[in-house]
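Okay, so here's the structure we're looking at.
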Amino acid sequence: MLRGIKNASSNWIGKSILLVVISFLVISFAVWGIGDVFRGFGQNSVAKIGNTEISIEQFRQFYTDRLQQISRQIGRPVTPDQARALGFDRQVLGQMVAETTLDEQAAKLRLGITDADIAQRITTDPNFQGANGQFDHARFEYVIRQAGYTEPRFVAEQRRVTLRRQIAQSVSGDLKVPAVTLEAINNFQNERRTIQYLTLTATQAGDIPAPTPEALAAYFEERKILFRAPEFRRVTLLSLAPADIAKADSVSDDQAKTFYDQNAANFGSPERREVRQIVFANPEEAASAHERVTKGLSFADLAKERELSEADTLVGLVTQSEIIDPAVAEAAFALKDGEVSAPVKGTFGTIIVQVGKIEPGAQKPFAEVAPEIKRQLAEIRARGEINGLRDKIDDERAGGATLAETAAKLGLKAQAIEAVDRSGRAPDGTPIAELPKQPDVITPIFASDIGVDSEPQQLPGGGYIWHDVTGITPARERTLDEVKDQVATRWREDEVGKLLQAKADEMLGKLNAGTALAQVAEESNLQVQTGADLQRRRPSGFVPAKLIEAAFNVAKDASGIADGDQRTERYVFRVTDITAPKLDPALPDVQQLTTTLQNAYADDIITQYIARLETEYGVRINQQALTQVIGGGQ
């Protein structure tokens, strides 16, 4: 987060677009609060930090730039109401306040940077270099213009960013992570344990008589909420994806055949050849070797003479395009099975090539792939129609039409779903196949209401999807008769769980009293299982996650009980070995951990430093001016 200040000059785009917005929000508002309104400074200012005022125009420009950048990133405009609901105005103002505080400190310390240094930073920035690796002024202008900057504004911002970075580095410095911290975290993350355990299932619980009607009714009354019917919603979905509006019959056979001819490689598998090669230092040596091959010396014997193994000569079973050297590729695919080429002048030397087995390529006939080609071409055409159709859909909805009415008028297909709950299931508990996997439509469906026009969501492959809530069935309590089978099942699972817990407690008591796990297992006709090299929060084959978690809560040679993934499972275990990891600073994992901790410490220190500066300089917010820019009430 805040370490972005330190890295600003090395990644100017990340700094100048959305750098540490949320971080600065936390810092700044922690000091000067959210709702304070102060008077006594310019009415044309949104905030004042020390002697520096953030004007309404400065904030408006900064806020608008950031809002436009967010809109470009998500591919749709963000309305002022949406921005306010997300607290975006506070985030942007928080960033400006924190940055201005650092600017005040830079001025107080009389820090500066020469024009030559700024120019050097800009001209060596890889973001502004052309294909030749040199500074490209045209590219520079284009990139900063896309980010919403003029050249003078960008240069001035870079000057401020560099000075802020100097302050941040001077505060955080080259922090050293305490060895005891590294060792503790390394142990927690990488300690390994071995356990032996017993698995208790419903079999060990024995026979359980069916509950009496009175017992089942009492059980149900105490747990009605578990069997409550969820809220269901009736919805209409309208998907506008290329596949939804593509018309394959609009693509002619000639158009499909042209596409097939131009992309023939995509409709078959290319020929593959087993290729071997020997590289020679010069053409003369290669020519002499080739002459000996023509007189009867085998390629394999030639390789042995040169002390080359099969692996040294084998290129592989490859297609022509997979051979890097074009000359070698052409020679190899001109040979017959078993033939050896004449010397080939390749990129990496003079080469003799041998071809082994040949796997012929296969080409699907046009008639076989024509339907798929037409579908693809139709979808490509449909992509160009989507935005126009979206506008028409929005116009119809703005006129009061429902999604179903809109779809019928525009010749589109709407999907009606009679009932769906928050998990995407129908009343019978089955998943509703018509719901897309992406994007998540359930959350906005249950955040909406009957008659409310929904904003379209973007589909992963292009296009949009709308929803209309057309009916709501509130959540309700079910009667016992409706859910008697589910209640009986859960009652039995609870009874099994109680019996297994009692048995597990009994076993644990024996283990704690000194009885061997093998003896406890034999007494209950169970098998001792072993889990080795277990680590915290890392899956380990067949050992359940809950059992692994419990194994790290007891000491070596101690025993314990763990729940299973099912309510009718219990585990009794003993930790037999603990291996502490070595703390080797050269290991990549330890280096990454060290860097992470250094950054975390730096974040904390810089956060506290900026908070202290804001207290010293004083921060005042003009709520009325802020509202003037963003609109709405606060």
Practice task
For the pair Tyr197 and Tyr571, name the ring-plane relationship: parallel under 30°, tilted 30 to 60°, perpendicular over 60°.
Solution key: perpendicular
Handout entry: Atom CG of Asn525 with >12 non-hydrogen neighbours under 6.0 angstrom
Key = no
Problem - Rounded distance [0.5 Å steps], OH in Tyr601 versus OG1 in Thr181 - result: 4.0 Å
Exercise for the section: Answer yes or no: is there an ion pair linking Asp253 with Lys374, defined by an N-O contact shorter than 4.0 Å? Expected result: yes
Fill in the blank from the handout: Residues Ala332 and Val355: closest non-hydrogen pair is O-CG2, 3.2 Å
Handout entry: side chain to side chain contact (heavy atoms under 4.5 Å, CB included), paired with Gln277, selected from Thr313, Ile352, Val344, Val328
Key = Val328
Problem - Check: Asp136 side chain, Arg139 main-chain N or O, donor-acceptor pair, under 3.5 Å - result: yes
Practice task
Rounded to the nearest 0.5 Å, what's the gap from CG on Leu583 to CG on Asn186? Could you check?
Solution key: 5.0 Å
Practice task
Quick one: pull up CD in Gln598 and CG in Leu593 and give me the separation to the nearest 0.5 Å.
Solution key: 10.0 Å
Exercise for the section: Verify the neighbour count for atom CD of Glu271: are there more than 12 heavy atoms of other residues, nucleotides or ligands below 6.0 Å? Expected result: yes
Practice task
For Ser524 and Gln204, test the side chains for any donor-to-acceptor distance below 3.5 angstrom and give the result as yes or no.
Solution key: no
Practice task
Report the distance from atom CZ of Arg121 to atom OG1 of Thr162, rounding to the nearest 0.5 Å.
Solution key: 4.5 Å
Fill in the blank from the handout: Between the OG1 atom in Thr194 and the CG atom in Leu534, the distance rounded to the nearest 0.5 Å is 6.5 Å
Problem - Asp115/Arg159 salt bridge by N-O under 4.0 Å criterion - result: yes
Problem - Heavy-atom closest pair, residues Ser540 and Ala532 - result: OG-O, 4.1 Å
Handout entry: Sidechain-backbone polar pair: Gln363 side chain, Ala264 backbone, donor-acceptor under 3.5 Å
Key = yes
Exercise for the section: Under the side chain to side chain contact (heavy atoms under 4.5 Å, CB included) rule, collect the residues that match up with Ser269, sequence neighbours excluded. Expected result: Ala362
Handout entry: Asp563/Arg570 salt bridge by N-O under 4.0 Å criterion
Key = yes
Problem - Over 12 foreign heavy atoms within 6.0 Å of CD, Gln591 - result: yes
Practice task
Flag the pair Glu385 and Lys247 as a salt bridge only when some basic side-chain nitrogen lies within less than 4.0 angstrom of an acidic carboxylate oxygen.
Solution key: no
Exercise for the section: Determine, for Arg164 against Glu157, whether the closest basic-nitrogen to carboxylate-oxygen distance falls under 4.0 angstrom. Expected result: yes
Handout entry: SB check Lys257 Asp261 (cutoff 4.0 Å)
Key = yes
Problem - Nearest heavy atoms of Gln189 and Gln535, plus distance in Å - result: O-NE2, 3.5 Å
Handout entry: Neighbour count >12 (heavy atoms, 6.0 Å) for atom CD1, Ile324
Key = no
Fill in the blank from the handout: d(Asp533 CG, Thr579 OG1) to nearest 0.5 Å is 7.0 Å
Practice task
Would you kindly say whether Asp312 and Ser309 are connected by a side-chain donor-acceptor distance under 3.5 Å?
Solution key: yes
Handout entry: salt_bridge(Glu372, Lys364) N-O dist < 4.0 Å
Key = no
Practice task
Classify the angle between the aromatic ring planes of Phe140 and Phe135 as parallel (below 30°), tilted (30 to 60°) or perpendicular (above 60°).
Solution key: tilted
Exercise for the section: Check the surroundings of atom NZ in Lys546: do more than 12 heavy atoms from other residues, nucleotides or ligands lie under 6.0 Å from it? Expected result: yes
